[in-house]
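Everything on this sheet refers to the single structure shown next.
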Amino acid sequence: MRKLALLLFIVGFGLILFPILREWHYDWKQEQLLTEMEQAISATNENDFDHQLALKNDNLTQLLMQGSDPETESVESPPVETESTPEPSAANTPPPIGIIEIKKIKVKLPILEGATNENMKFSAVHLKETTKLGEIGNAAIAAHRAHTKGRLFNRLNELEVGDEITVKVNDEQFVYTVFNILKVEPTDISVLGRNDRDKILTLITCDPVINPTKRLIVQAKL
């Protein structure tokens with residue numbers, strides 16, 4: 001009788017416990033699947049970001065290789081596909097989003113949003129795929145290495161670690177300090193990588209001035 005009573009108790013307890021254990025298992029499995037999905041979405045977003053950045057990097061390379069002075073541009077150069085919207089004419093150039101000033105090399109340029117052939121003829125451009133200026137992340141600004149001394153980013157190679165770069169956006173002013181200067185291959189997008197801790201400014205131009213084969217990169221931190 002004792003064995004039967006114990007067996008009945010175990011069976012009864014099991015019947016009571018089974019739904020609880022089943023619900024616990026379902027909850028655990030649900031959390032596991034959610035975690036896997038979130039990781040997959042995060043990886044997909046990062047891959048998409050890297051893919052889009054690589055495409056924009058290729059476009060920027062074509063723009064920089066074209067040359068910055070209209071009289072030096074080859075009429076046989078293939079057309080560059082820049083943005084989905086038409087290039088602005090001189091009459092309807094969009095207003096600048098800011099000003100970049102580097103006193104050491106006597107540079108003061110308007111900053112336009114988006115790397116297009118027209119924008120880069122007379123200004124620096126913010127790569128809109130990168131972080132907004134003054135925010136945490138990696139904000140990239142590109143300009144031609146003009147043949148005329150002092151024009152656009154012609155003298156960017158004169159900067160040294162510790163030099164200051166000032167960016168003005170609306171009524172805010174950001175003073176960045178140069179911490180890294182390097183030359184990379186045009187296909188190297190690592191310098192445009194994400195940064196979730198610091199406020200980084202990455203300046204991009206071609207190198208050398210004549211027949212460029214590399215990119216000159218100057219990175220500064222706010």
Side-chain angles (χ1 to χ4, degrees), residues 49 52-102 105-135 137-157 159 165-170 172-174 176 184 186-189 191-192 200-207 209-210 212 214-220:
F49 173 80
Q52 292 299 320
L53 201 57
L55 291 177
K56 292 299 180 180
N57 183 68
D58 291 342
N59 173 70
L60 179 62
T61 295
Q62 293 181 60
L63 289 170
L64 289 173
M65 292 303 181
Q66 271 195 336
S68 56
D69 298 318
E71 62 270 21
T72 65
E73 293 179 4
S74 171
V75 294
E76 297 180 355
S77 296
V80 177
E81 191 174 313
T82 54
E83 302 290 337
S84 57
T85 55
E87 287 188 348
S89 65
N92 61 3
T93 299
I97 62 169
I99 296 172
I100 180 170
E101 184 173 8
I102 311 174
I105 57 176
K106 299 180 180 179
V107 163
K108 188 174 184 180
L109 295 169
I111 305 169
L112 296 181
E113 185 70 81
T116 70
N117 188 43
E118 188 68 23
N119 285 352
M120 292 185 69
K121 286 180 180 179
F122 48 83
S123 71
V125 296
H126 171 246
L127 304 187
K128 62 183 181 181
E129 296 75 26
T130 63
T131 305
K132 291 182 178 180
L133 297 166
E135 295 187 0
N138 188 356
I141 292 178
H144 280 302
R145 191 87 178 274
H147 294 180
T148 304
K149 186 173 178 62
R151 184 170 181 266
L152 299 177
F153 276 179
N154 172 270
R155 297 177 59 192
L156 197 65
N157 63 306
L159 290 186
I165 300 169
T166 302
V167 174
K168 298 177 182 177
V169 179
N170 297 324
E172 294 185 277
Q173 177 171 296
F174 309 108
Y176 295 85
V184 300
T187 54
D188 187 350
I189 62 172
V191 293
L192 300 176
I200 301 297
L201 177 67
T202 299
L203 304 186
I204 306 169
T205 193
C206 49
D207 189 85
V209 175
I210 307 297
K214 303 276 188 180
R215 281 189 182 174
L216 174 61
I217 306 296
V218 174
Q219 292 186 307

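Bear in mind the structure is a predicted one, so any value in this text is a computation, not a measurement.
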Task: Chi angles and distances behind the side-chain contact (heavy atoms from CB on, under 4.5 Å) call for T116, V125 - done: CA-CA 8 Å; T116 70; V125 296; over 6 Å; no
Task: Chi angles and distances behind the side-chain contact (heavy atoms from CB on, under 4.5 Å) call for I204, I217 - done: CA-CA 5 Å; I204 306 169; I217 306 296; 4.0 Å; yes
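For the pair K121/H144, no side-chain contact is recorded, criterion being any heavy-atom separation below 4.5 Å from C-beta on. In this structure the side chain of F174 reaches within 4.5 angstrom of the side chain of V169, judged on heavy atoms. Residues V184 and V191 form a side-chain contact, since some pair of their non-hydrogen atoms from C-beta on lies under 4.5 Å apart. Looking only at side-chain heavy atoms (C-beta outward), R215 and D188 stay at 4.5 Å or farther from each other.
Just one of I105, L216, L109, V218 meets the side-chain contact (heavy atoms from CB on, under 4.5 Å) condition when paired with F153; it is L109. Screening L159, N154, L152 for a side-chain contact (heavy atoms from CB on, under 4.5 Å) involving L156 leaves a single residue, L159.
Remark: the backbone N or O of T131 is paired with a side-chain donor or acceptor of H126 at under 3.5 angstrom. Under the 3.5 Å distance criterion, the side-chain polar atoms of N138 are left unmatched by any main-chain donor or acceptor of L201. The closest donor-acceptor contact from the side chain of T205 to the backbone of A143 lies under 3.5 Å. At distances below 3.5 Å, at least one donor-acceptor pair connects side-chain atoms of T130 with backbone N or O atoms of L127. At least one donor-acceptor pair closer than 3.5 Å links the side chain of N119 to the backbone N or O of G114.
With values rounded to the nearest 0.5 angstrom, K168 atom NZ is found 14.0 Å from L133 atom CG. Rounded to the nearest 0.5 angstrom, C206 SG and K214 NZ are separated by 13.5 Å. Atom CD1 of I100 and atom CD1 of I165 lie 5.5 Å apart (nearest 0.5 Å).
The existence of a salt bridge linking R145 and D207 is confirmed by a sub-4.0 Å separation between a basic side-chain nitrogen and an acidic carboxylate oxygen.
The side-chain contact (heavy atoms from CB on, under 4.5 Å) search around K108 returns I99, E101, not counting sequence neighbours. The side chain to side chain donor-acceptor pair (under 3.5 Å) test applied to Q219 returns N180, T202, not counting sequence neighbours.
Across every non-hydrogen atom of P96 and L112, the tightest pair is CA-CD2, 3.6 Å. In terms of heavy atoms, I200 sits closest to Y176 at C-CE2, 4.1 Å.
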